[in-house]
Amino acid sequence: MNTIPVEHSLLLAAMLFVIGLIGVLSRRNVILMLMSVEIMLNAAGMAFVVAGSRWVQPDGQVMFIFILSMAAAEVSVGLALILQMFHINKSIDTKSLGKLHD
Amino acid sequence: MLIVFYLAAIVAIISTILAVTRSNAVHSLLYLIVSFLASAVVFFVLGAHFIAALEVIVYAGAIMVLFVFVIMMLNVGSETERPDKKWLSPKTWVGPAILALVLFCELAYVVLSKESIPGSEAIVTPKEVGISLFTQYLLGIEIAAVMLMSGIIGAYHLAQIKKKSKHRFLGGEE
Amino acid sequence: MIDYLWLVPALPFLGFLVLTFFGKKLTKNAISFVGAGSVGLAALLTIIIGIQFLLSPPDGNFFNQKLWTWMNVGGMSPSIAFHLDALSLIFIFVITFVGFLIHVYSTEYMREDEGFARFLSFMNLFVGSMLVLILADNLALMYLGWEGVGLCSFLLIGFWYKEPANAAAARKAFIVTRVGDTAMALGLFLLIVNFNTLNIQDILHTAPTQWTAGNSTAVWIAFLLLGGAVGKSAQLPLQTWLPDAMAGPSPVSALIHAATMVTAGVYLIARNHVLFELAPSAMSAVAIIGAATLLMAGFAAIVQNDIKRVLAYSTISQIGYMFLALGVGAWSAGIFHFMIHAFFKALLFLGAGAVIHALHHEQNMFKMGGLRKELPIVFWTFLAGSAALAALPLISAGFYSKDAILWYAWSSNKGSLILWAAAFFGAFVTSIYTFRMVFLTFWGKMKTHVHIHLGNAMQIPLIVLAVLSLLGGFIETPHSLGHITIFSSFLNPVLPEVQLNHGGEFTEIILQILTALTGFLGIYLAWHFWYKKPAMVYNFKQTGLGTGLYKLWLSGWAFDWVYDTLFVKPFIKLSQINKDDIVDQLNIGLAGLVNWLHSVIKKTQNGNIRWYATGIAIGLVITLTIVLFL
C-alpha cells in the first residue's frame, strides 16, 4: 500500500474546514449555515482520523465517533429550532432573527 | 491507492465548494452528500474502514435525510432563493473569503513547516477501536449517549408547533 | 486614707452613671442628693487625703497609685495611674471643693429646669474628667481627661440647645479649642518620638539630661504644648470662644469657664515646667501672651453690657495674669493666683447667676440697678468677690496673689519693666471694669423687679466663697506684710522657686503702694463715670473715636471678624467651589468612561448571527497568529 503523506490529508481537512467557514460566514439561509457547520465538523473529524492512522492509535477514530454523535444531536436540535423559527417568522433568513438588539 | 486518495480529495473539495455556493437548498444538499461520500473514500484509503462506513451511514444517510425532511416540510426551495441570490455579489463573500484564506494559510503553515512525515502502513482495525471505546472511553460513550438522548427529547420538544400562546408579557402586542 | 485616692475621680463618675441611667426615675431631691453628694464626698475625701499628705508627707513628697495598664502598644504602655503631689493636690482640692459648692448652688438654680438630671450628670462627668486630667501620671491619660472636659464644656454650653445661638456657641468653643488640642497632640507625638514614654515624671527627669536649654526639639515641644494650653485657657489668639461660652447656665460658667477647666492650660504648663525651662523662647512667649491677653481682655471688659460677658473677659484677663506668672518663672505665684481666682471668680459668676435668676433671666447690666437692698447677701458677697478681683489691698485675697505676680514680673530674672507695666496697667483696668459692674448692678435706680427670693442652697455657697475670697490670701504674703510662705513652700518640692534678678524690699513696697493707689483710682473713676455722671460716658460714646473704640472693644478687639474673614469665609468659599467635589469628578469620569466603552461595544451586539460567527473566526485567526508567530 502506497503511503499517503500526512500533510496532504491534513491539508484536505483544512481545505474542507475553510470552505465550511466561508459558508457559515457568507450564507444567510439558516439551513445552509447548518450544513456548512456539518462540513466543518466533518473536516475536524477527518483531521483526527488522519492523526490516528498516522500513529496507529484507535483514539483518532474514537474522537470521530464522538464528533459524529455530537453532530447528530446538534443537527436534530438545530433543525427543530429552524422549524420553530420558520413557524414564528415565516422566514429562514438570519436577518429576521436580529430582534433582540435595541 | 494514492491516485484514489487524490481523486477523492478533489471530488470532495469541488463538491463542497458547490454545496456552499448553490442558492437552491436542495442542490447544495445533494452536493453535500457527494462531498460526504468522497470523504468516506478518503477514510477508507486512510485505513479507517469502520469510520468510512459510519460516514456513509450516519452523515450521508441519517443526517442528510433530516435535512431533506426539513426542507420538504418548510417547502422553501423556491422562496429561499430570493435572499441568497444576492450572495454572489462580492460584497458578501469577499470579507469571509479573505478571512478564510488567512486561516487556511496559517493551517497550511502549521502542516508544512515540519518535515514531511510518511503515513503509516498499519491499519487500526474496528476491533481495536471498539475495545478502546468501551474501556478507555467508556465515560465518554455514556456522556455521548446522554447527549443524544437529550438531543432527541430537545428536538421533539422544540419542534412541537403549539397554539399561538405568547408569553404573557408579550401578549399585548398581537 | 491616701490609698483611696482613686475614689476621688471615681465618685463623680459614679454619680454621672447613676444620673444618666436613672435620672428620669429619681425625684428632684434624689437627683440633687446624688449630684451634689458625689462631688461632696469627693471633696471630703480630698480634704482628708490632703490633711494626711500635709501631716505625714509620703516619700519624695508624692504618691503614685497605679490602677491598671491602659494599653500596651509599640513599646509604650500608658497606665491608668494617679500621681498626687503638692501641685495636683491643690488643683483637686479646688476642683472638688469649689465644684461641690457650685453643685449645691445648682441644685436650687437649675431645679425647675426640665433637664435637671441631665445637667447634674454632665457636671459630675466634668468634675470626674477634670480630676483625671489633674491626677494623670502620664500625658496620654491627661489628654483623655483634657478631651473629656472639652466634651463636657461643649455639652454644657449647649445645654439649652433648643436656642440655635447656644448650639452655635457650643460648636465654636469645641472647634476653637480643637485647634489648640491638635497642637498639643503633635507635642505629645514629639515627646513619644523622643522619650518613648508619656510618663510625666520620667520625661521631667530625663529631659534635662538629654537636652540643653534652647534645644530646638524642646522648643518645638514647649510651643506645641503651649498651643494646647492657649486653646484651653482662652488666651490670645484662641480666646474668642470663651465670651460666647457664657451661653451656658451660670453654674457652668462658674465651674468650667472660670474656676477649673480654663485653668487646665496653666496646669499643663506648670506640670511640664521642666520642658518650658529648657525652652526659654517658649517661656517668653508664655509671658508675652499672658501680658497681651490680660490687657486686651481688660479693655474689652470695660464696654460689655452683659454681666456674664464682663466676667468672661475678666476671666481671660486673670488667666493672662497666671500665664504671665508662669512665663517669668514664678510658678507658685501663678498657681496661687489660680486658686484665689477660682474662689472669687466662681463667687462672682454665682453672684451674677443669682442676680440673673432673681431678675428672671435679665443679663443686661443697664437694665439692673439698685439691687443692694433687695439682695443683700448677694450684694455683700459680690462685693467681696469684686474686691478680690480688683485686688483691694490688705483685705482681699486677690491682692496678695496679684501683687506677687506683679512683683515677680518686675523682679524675676525673666521679668522686665514692660511686663510689669502691662500687668500694672491691667490691674488698673481691672478695677475700673469690676466696679463699673458693681455700680451698675447694685447702685442707682431699680429698673427691673426682683421676682424670686433665694434659698439657702444658693446663698451658703456664696458666703463660703466670699470668706475664702477675703481670707484665702493670708497663706502667702509678701515680704512687707509678714512674709508668710505656707503656699510656696508647700509647692516647693514640685515647682522650683523663682529666680530673682533685682529686688529689694524698698522697691517692693513702692510698687505695692503704686498698685494699691491705682486700684483705688480705678474705683473712683468707675464711680465717677457710671454712677455720678453717666452722661460723660454717654457723650464720649457719641464721638467718632468713642464709637469706634466702643465697637472694637465690644466685639473683643474684632477677633471674631478677623477669623471670620481669614478662615471661615475662605473656607466657605472653597467649599462652594468644591461643591461638586473634585474627587467625585474622578469617579463620575470613570463611570462616564465605562459608559462610553459600553456604547462602543454595544454596537457589536447587533443581533446578526453572521456577525457573531465572524467574530469567532477573527478570534480564531488572531489566536492562531499569536500562537504561531509570536
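Just so you know, these numbers use all the heavy atoms, side chains as well, and skip hydrogens, waters and symmetry mates. So that the names make sense, note that chain A is the first sequence line, chain B the second, and so on, each numbered from 1.
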Portion of B/Val129 that has a non-hydrogen atom of chain A nearer than 4.5 angstrom: both
Answer whether the closest heavy-atom distance between the side chains of B/Leu158 and A/Leu83 falls below 4.5 Å. no
If every non-hydrogen atom of B/Ala12 is compared with every non-hydrogen atom of A/Leu16, which pair is closest and at what distance? O-CD2, 4.0 Å
Between B/Thr125, B/Ile17, B/Ile152, which residue shows the highest count of heavy-atom pairs closer than 4.5 Å to chain A? B/Ile17
Heavy-atom cut-off 4.5 Å, strictly under: side chain, backbone, both or neither for A/Ile19 against chain B? both
Heavy-atom closest pair (B/Val124 atom, A/Pro58 atom, distance to 0.1 Å) is CG1-CA, 3.7 Å
Between A/Phe17 and B/Phe104, does the ring pair (Phe, Tyr, Trp, His ring centres under 6.0 Å) criterion hold? Intermediate values first, please. CA-CA 9 Å; A/Phe17 184 86; B/Phe104 180 73; over 10 Å; no
Of all heavy-atom pairs linking A/Val49 and B/Ala48, the shortest is CG1-CB, 3.7 Å
Please name the pair of heavy atoms, one in B/Leu107 and one in A/Ala14, separated by the smallest distance, quoted to 0.1 Å. CD1-CB, 3.8 Å
Worked verdict on A/Asp59 versus B/Tyr137 for side chain to side chain contact (heavy atoms under 4.5 Å, CB included): CA-CA 9 Å; A/Asp59 306 62; B/Tyr137 290 101; 2.7 Å; yes
Residues B/Ala155 and A/Ala80: closest non-hydrogen pair is O-CB, 3.4 Å
Do B/Ile143 and A/Phe66 have side-chain heavy atoms sitting under 4.5 Å apart? no
Please classify the contact of B/Tyr156 with chain A as side chain, backbone, both or neither, using a heavy-atom distance under 4.5 Å. neither
Side chain, backbone, both or neither: which part of A/Leu11 has a heavy atom under 4.5 Å from chain B? both
Interatomic distance, A/His87 atom NE2 to B/Leu74 atom CG [nearest 0.5 angstrom]: 11.5 Å
Can you find a heavy atom in the side chain of B/Phe67 that is under 4.5 Å from one in the side chain of A/Glu38? yes
If you count heavy-atom pairs under 4.5 Å between each of B/Gly140, B/Ala19, B/Ala97 and chain A, which one has the most? B/Gly140
Between CG of A/Leu32 and CG of B/Leu29, what distance do you get to the nearest 0.5 Å? 9.0 Å
Rounded to the nearest 0.5 angstrom, the CG-NE2 distance for B/Leu2 and A/His8 is 9.0 Å
Heavy-atom contact with chain A under 4.5 Å, split by part of B/Ile13: both
A/Val50, part contacting chain B, at a heavy-atom distance under 4.5 Å: both
A/Gln84 versus B/Gln160, closest heavy-atom pair with distance: NE2-O, 3.0 Å
In Å, rounded to the nearest 0.5 Å, how long is the span from CG of B/Leu148 to OG of A/Ser76? 7.5 Å
Intermediate values then yes/no, side chain to side chain contact (heavy atoms under 4.5 Å, CB included), A/Leu41 and B/Tyr59: CA-CA 11 Å; A/Leu41 281 173; B/Tyr59 260 126; 3.7 Å; yes
With a 4.5 Å heavy-atom cut-off, do B/Phe69 and A/Leu79 have their side chains touching? no
Does B/Phe44, at its CZ atom, have more than 12 non-hydrogen atoms belonging to other residues, nucleotides or ligands within less than 6.0 Å? no
Between CE of A/Met63 and CD1 of B/Ile51, what distance do you get to the nearest 0.5 Å? 12.0 Å
Hey, what do you get for OG1 (B/Thr16) to CD1 (A/Ile22), rounding to the nearest 0.5 Å? 11.5 Å
Is there a side chain to side chain contact (heavy atoms under 4.5 Å, CB included) between A/Phe86 and B/Val70 once you walk through the steps? CA-CA 11 Å; A/Phe86 184 75; B/Val70 170; over 6 Å; no
Are B/Gln136 and A/Val62 close enough that some pair of their side-chain heavy atoms sits under 4.5 Å apart? no
Bottom line for B/Leu66: the part with an atom under 4.5 Å from chain A's heavy atoms is both
Select, from A/Gly23, A/Ala13, A/Ser9, the one with the greatest count of heavy-atom pairs under 4.5 Å involving chain B. A/Ser9
Is it the case that more than 12 heavy atoms not belonging to A/Phe48 sit under 6.0 Å from its CZ atom? no
Ignoring hydrogens and angles, state whether a donor on the side chain of B/Ser39 or A/Asn42 is under 3.5 Å from an acceptor on the partner side chain. yes
Do you know which of B/Ile153, B/Leu99, B/Ile141 has the most heavy-atom pairs under 4.5 Å to chain A? B/Ile141
